[in-house]
Amino acid sequence: MKQLNWGVNVIYLDQAASSFPKPVEVIHAMTEVMTEYAANPGRGGHALSMRAGSIIDRTRQAMATFFGFDHPDRVCFTSNATAALNQAIKGLPFEKDDHVLTTSYEHNSVRRPLEYLKKTKGIHVDYVNTGETEVFDLEAFAKKITPHTKLIVVSHGSNLTGKIMPIELIGELAREQDIPFLVDAAQTAGILPIHMTNMNIDLLAFPGHKGLLGPQGTGVLVVGKGIDLTPIHHGGTGSSSELIDQPDSLPERLESGTLNTPGIAGLLAGLTVVKAMGIDSIRAHEKRLTELLIRGLENIQFVTTYGPITDRLGVVPFSIEGIDSHEIAIILDQHYKIAVRAGLHCTPLGHETIGTSSQGTVRVSVGPYNTEEEIRKVIKAIEEIVDGYFG
């Protein structure tokens with residue numbers, strides 16, 4: 001993969017939070033909107049509004065095609081994956097004593113809406129512990145389904161350990177049981193193949209600013225046929241203004257307010273770059289970097305890495321015996337100009353699963369523009385930190 005350098009003298013390894021640097025195509029696409037046609041899409045019949053609406057429509061179509069879905073009108077734009085997940089979860093018609101089945105690796109963007117519904121609607125939630133390794137016990141997971149299960153929601157890839165969930169198998173299970181299936185693809189969109197139709201995914205939520213290489217402030221919720229969501233936001237939609245209620249048709253029903261046209265244009269540009277690179281090439285590159293990093297860290301005394309052995313995303317959490325994870329991250333940042341993430345990573349249940357709740361971990365996450373040289377510098381920095389504390 002070609003390395004990008006925008007003059008930032010930092011080794012950026014926090015790709016699981018947000019991809020960086022951004023492709024030049026993304027910057028150009030957003031700049032073009034802001035300098036040439038930054039009008040409201042769908043809010044007027046003039047040329048600039050029509051041009052803005054056109055880029056929105058093209059992005060819907062591109063997203064639908066990329067994720068194996070035949071209905072671009074059901075591709076709904078949000079401000080991020082959190083907004084998409086909240087709309088998906090809170091928009092379903094839950095009643096008291098309904099049941100949701102999920103995993104112990106869910107991000108707070110899933111857990112907190114579910115906990116909110118526990119308090120406000122009286123639903124029940126099972127957070128199934130799926131273990132630290134690659135193995136996923138589908139039979140044990142299936143046994144948690146009850147006659148009251150109204151949703152299965154699964155994070156495709158853990159933002160803590162990089163563990164990959166078998167969403168195709170889970171999708172088959174959900175379809176057999178006639179249960180809606182929501183996939184949080186925050187860590188996998190643009191990195192792993194996702195085909196909504198073939199994988200029996202009813203709701204797909206993902207951000208634009210991670211694996212799709214787009215800008216922050218962009219997200220998508222794809223709503224499968226047969227799924228009817230109550231909007232959690234109400235307001236202007238640019239059409240059907242005479243109605244006192246929210247329109248019934250998608251995507252307008254779930255898209256109140258002015259859309260982020262510059263961001264969506266940047267998202268389309270990011271998707272175009274991802275397709276040109278090829279997700280198989282991206283995956284292979286990130287896998288090489290991950291394996292190099294794990295091998296290096298495991299050879300350092302007092303360092304412990306967590307997560308699956310081989311089949312994982314480019315996310316590697318580690319700890320150093322007796323040293324606070326935040327302190328390690330600060331040293332890497334201030335002394336080595338290496339940007340990583342420390343703490344609980346918005347997934348406390350995941351930390352309970354791998355036994356790191358008390359201290360958290362340092363998370364190194366790679367992207368398509370990182371290099372082997374950067375990974376070697378990280379390993380060298382950790383060696384020096386350990387030597388400074390224990391040497």
Side-chain angles (χ1 to χ4, degrees), residues 10-18 103-109 111 127 129-135 155 157-165 186-187 210 286-367 370 372 374-391:
V10 171
I11 296 175
Y12 183 80
L13 290 166
D14 194 17
Q15 307 287 354
S18 192
T103 81
S104 62
Y105 276 106
E106 301 312 308
H107 191 276
N108 278 340
S109 296
R111 187 188 185 192
Y127 298 97
N129 187 326
T130 57
E132 185 180 345
T133 66
E134 292 97 333
V135 178
S155 175
S158 169
N159 74 312
L160 171 60
T161 67
K163 182 183 174 83
I164 299 169
M165 299 296 177
Q187 297 299 325
K210 297 186 182 184
E286 294 187 3
K287 191 173 182 179
R288 283 194 299 273
L289 298 185
T290 303
E291 291 172 351
L292 177 63
L293 176 61
I294 292 173
R295 286 198 304 270
L297 292 178
E298 288 183 341
N299 286 330
I300 305 173
Q301 192 176 10
F302 304 111
V303 173
T304 301
T305 62
Y306 304 89
I309 298 172
T310 55
D311 188 20
R312 64 192 294 164
L313 298 173
V315 178
V316 180
F318 73 92
S319 61
I320 301 176
E321 184 179 325
I323 309 177
D324 182 77
S325 62
H326 291 91
E327 184 175 353
I328 299 167
I330 290 170
I331 294 171
L332 288 171
D333 180 41
Q334 295 184 355
H335 293 273
Y336 295 96
K337 296 188 181 302
I338 297 172
V340 297
R341 174 88 179 266
L344 296 182
H345 317 103
C346 298
T347 178
L349 287 178
H351 281 276
E352 289 180 18
T353 300
I354 66 173
T356 55
S357 296
S358 60
Q359 77 274 19
T361 61
V362 180
R363 185 186 70 187
V364 179
S365 50
V366 303
N370 290 120
E372 292 186 6
E374 290 178 331
I375 298 302
R376 292 189 181 96
K377 288 181 178 179
V378 172
I379 295 169
K380 179 65 174 175
I382 299 303
E383 288 175 343
E384 292 179 0
I385 291 171
V386 169
D387 187 59
Y389 274 88
F390 303 102

Report the C-alpha distance between L289 and E372 in whole Å, list the side-chain angles of each, state the deciding distance to 0.1 Å, and finish with yes or no for side chain to side chain contact (heavy atoms under 4.5 Å, CB included).
CA-CA 6 Å; L289 298 185; E372 292 186 6; 3.7 Å; yes
Nearest 0.5 Å please: distance from the [atom1] atom of [X] over to the [atom2] atom of [Y].
{"X": "E374", "Y": "L292", "atom1": "CD", "atom2": "CG", "result": "11.5 Å"}
{"X": "L13", "Y": "N370", "atom1": "CG", "atom2": "CG", "result": "4.5 Å"}
{"X": "K287", "Y": "L313", "atom1": "NZ", "atom2": "CG", "result": "11.0 Å"}
{"X": "F318", "Y": "T356", "atom1": "CZ", "atom2": "OG1", "result": "13.0 Å"}
{"X": "K163", "Y": "T103", "atom1": "NZ", "atom2": "OG1", "result": "9.0 Å"}
{"X": "R295", "Y": "T290", "atom1": "CZ", "atom2": "OG1", "result": "10.5 Å"}

Would you check if [X] and [Y] make a side-chain contact, meaning some heavy-atom pair closer than 4.5 Å?
{"X": "N108", "Y": "P348", "answer": "yes"}
{"X": "R363", "Y": "V315", "answer": "yes"}
{"X": "E134", "Y": "I309", "answer": "yes"}
{"X": "Y336", "Y": "I382", "answer": "no"}
{"X": "I328", "Y": "Y389", "answer": "no"}
{"X": "V10", "Y": "D333", "answer": "no"}
{"X": "Q359", "Y": "S325", "answer": "no"}
{"X": "I320", "Y": "V303", "answer": "yes"}

Mind listing the closest non-hydrogen atom pair of [X] and [Y] along with its distance?
{"X": "I338", "Y": "K377", "value": "CD1-O, 4.2 Å"}
{"X": "Q301", "Y": "V386", "value": "O-CG1, 3.4 Å"}
{"X": "T361", "Y": "P317", "value": "OG1-CB, 3.5 Å"}
{"X": "R312", "Y": "I294", "value": "NH1-CD1, 3.4 Å"}
{"X": "H326", "Y": "D324", "value": "N-OD2, 2.9 Å"}
{"X": "T353", "Y": "S104", "value": "OG1-OG, 2.8 Å"}

Do we see a donor-acceptor contact under 3.5 Å between the side chains of Q187 and S155?
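No - no donor-acceptor pair under 3.5 Å links their side chains.
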Between H345 and T347, does the side chain to side chain donor-acceptor pair (under 3.5 Å) criterion hold? Intermediate values first, please.
CA-CA 5 Å; H345 317 103; T347 178; over 6 Å; no
T161 side chain to G307 main-chain N or O, any donor-acceptor pair under 3.5 Å?
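No: the side chain of T161 does not pair with the backbone of G307.
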Would I385 and L332 satisfy side chain to side chain contact (heavy atoms under 4.5 Å, CB included), going step by step from the backbone distance to the final call?
CA-CA 9 Å; I385 291 171; L332 288 171; 3.9 Å; yes
